[in-house]
K.L.:
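Pasting in a structure now, in structure tokens, and then I'll have a few things to ask.
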Amino acid sequence: MKTVFKGGVTAVALFAAYAVQADQEANLVINEDIEITVRADAPEHLENLSTIYSGWVFRSSETQALQMDDFENPGMIFVDDAIEAWNTVEGSEGESCASCHGAPEELAGVRAVYPKWNDEAEEVRTIAMQVNDCRTSQMGAEEWKYDGGDMINMEALIASVSRGMTVNVATDGPAQSMWEKGRDIYYTRFGQLDLSCANCHEDNYDNNIRADHLSQGQINGFPTYRLKNAKLNGVHSRFRGCIRDTRAETYGVGTEEFIALELYVASRGNGLSVEGPSVRN
Amino acid sequence: MKQILSASVAIFAATVAFAEGVSPDNVTYSEYGEVEASLSGQPGDAAAGLEIMVSRGKGNCIACHQVTALEEYPFHGEVGPTLDGVGEYRTAAELRGIVANPKFTYEGTIMPAFYRTSGFIRPGDAYTGKAAQGELAPLLTAQEIEDVVAYLLTLKD
């Protein structure tokens, strides 16, 4: 997000707001093959919205087009990097991701149901947490930094093999208390600007705030390649940016608060398709 | 003698209050959210108010409001209502109250309070994402609020 309340409009944002209107009726098909659901009936638990939309819907036609072809999508370069890491043996146990999981495609469906309760660990796990658990417990390798480059690339690979599958995150059972915690955070008005996630992404999606066209703040497209910073961005980093822009003290990436918020926000997108790595501005 | 002394003390106190204006925690809002007296004790300057309205580091009011008279300053948001004509149908006291703390006029509004320094959840140190250090400064000073109010009063149809 461009910092709404302070300086610095990027050339990209200027261009997008000036020259191009988003085509909000457009449909997303990737590589003329993978059909992505970008609008759907809101899940039952969402009381204030009737339709949910992918952030892709609110981007300019140019930005939209970048995601329709893997050769145009800059995020796919990082997926290639992650395929290499996938096959690389690391750590004391002589294992790679591939030695346990086979081809990356074997993990199709995983992105759609995370964050997810893990029975053995008795905790809600994000994909990053699961990857680090594999690295330490199975491979005897070092953890990757939360939202760091290696981790985000791997998350992009894991998302890419689930593209087109329907997000279906469980909100009940043992995950329910974390889900409720995330919902509380979503509706909390933070910082000196006194703004909640809902103020912008529920009450004002489809409105402009300065040069930014507000989306519903869905995370089905993560990791997102942002034209603004020309790299892949993780969910928690995006949460940090949005909370920082309310003139608030943010939570850190990988904290329990952000794991809870990720679970809750993911569940707001139940019914959309996985589309990461997506392209945004 | 005693009387004269206390009178001069009173004058002194009044002068201080006049020069410093009223602090954010001491603003009196009417039942409808109006603030009658100038927050700084001085009149506002409409030209300075215009700069505050459009500047991202200051009021950045056009982030949320469309104002036809400010068309040359891109980009205007759609989160709040247009402010065209607001100087016609709103009084200075109403406008001062709305800019200082609109929550007294519109319960639960998304519009931030520009002259408020307490009661926030996890207030930050400006836009660093870190915790606020020491006392918060209001988003706009008392005089800046007056300048914005003076500008808003020029918005007549």
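Residue numbers start from 1 in every chain, and the chains themselves are labelled A, B, ... in the order their sequence lines are given, proteins ahead of strands. Just so it is clear, the values below take in all heavy atoms, side chains as well, and ignore hydrogens, waters and symmetry mates.
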K.L.:
Side chain, backbone, both or neither: which part of A/Asp203 has a heavy atom under 4.5 Å from chain B?
P.N.:
neither
K.L.:
Would you say the side-chain atoms of A/Gln64 pair up with the backbone N or O of A/Trp56, donor to acceptor, closer than 3.5 Å?
P.N.:
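Yes.
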K.L.:
Between B/Leu139, B/Thr117, B/Thr128, who has the most heavy-atom pairs with chain A when the cutoff is under 4.5 Å?
P.N.:
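Of the options given, most contacts go to B/Leu139.
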K.L.:
Using a strict cut-off of less than 4.0 Å between a Lys/Arg side-chain nitrogen and an Asp/Glu carboxylate oxygen, indicate whether A/Asp194 and B/Arg116 qualify as a salt bridge.
P.N.:
yes
K.L.:
Is the closest basic N to carboxylate O distance between A/Arg183 and A/Glu47 below 4.0 Å?
P.N.:
no
K.L.:
Is chain A contacted by the side chain of B/Thr109, its backbone, both, or neither, given a heavy-atom distance below 4.5 Å?
P.N.:
backbone
K.L.:
Which answer fits B/Leu136, side chain, backbone, both or neither, if we ask what part of it has an atom under 4.5 Å from a heavy atom of chain A?
P.N.:
side chain
K.L.:
Is it possible for you to check whether B/Arg122 lies under 6.0 Å from the centre of the six-membered ring of A/Tyr251, through NZ or CZ, and within 45° of that ring's axis?
P.N.:
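Yes - B/Arg122 lies over the ring of A/Tyr251, closer than 6.0 Å to its centre and within 45° of its axis.
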K.L.:
Please check if the number of heavy atoms outside B/Glu107 that lie under 6.0 Å from its CD is greater than 12.
P.N.:
no
K.L.:
Does a salt bridge link B/Arg96 with B/Glu36, judged by any charged N lying under 4.0 Å from a carboxylate O?
P.N.:
no
K.L.:
Please look at A/Asn204 and chain B and tell me whether the side chain, the backbone, both or neither of the residue comes under 4.5 angstrom of a heavy atom of that chain.
P.N.:
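Side chain only.
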K.L.:
Flag the one option from B/Gly129, B/Gly108, B/Pro138, B/Ala113 with the top tally of heavy-atom pairs under 4.5 Å to chain A.
P.N.:
B/Gly129
K.L.:
When you measure from the side chain of A/His45 to the backbone N and O of A/Ser267, does any donor-acceptor pair fall under 3.5 Å?
P.N.:
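Judged by distance alone, yes, a pair lies under 3.5 Å.
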K.L.:
Counting heavy-atom pairs closer than 4.5 Å to chain A, which one of B/Gly119, B/Ala132, B/Pro123, B/Ala131 comes out on top?
P.N.:
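Heavy-atom pairs under 4.5 Å are most numerous for B/Ala131.
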K.L.:
Select one option (side chain, backbone, both, neither) describing which atoms of A/Thr188 are under 4.5 Å from chain B's heavy atoms.
P.N.:
side chain
K.L.:
Who wins among B/Lys103, B/His76, B/His65 for the most heavy-atom pairs under 4.5 Å with chain A?
P.N.:
B/Lys103
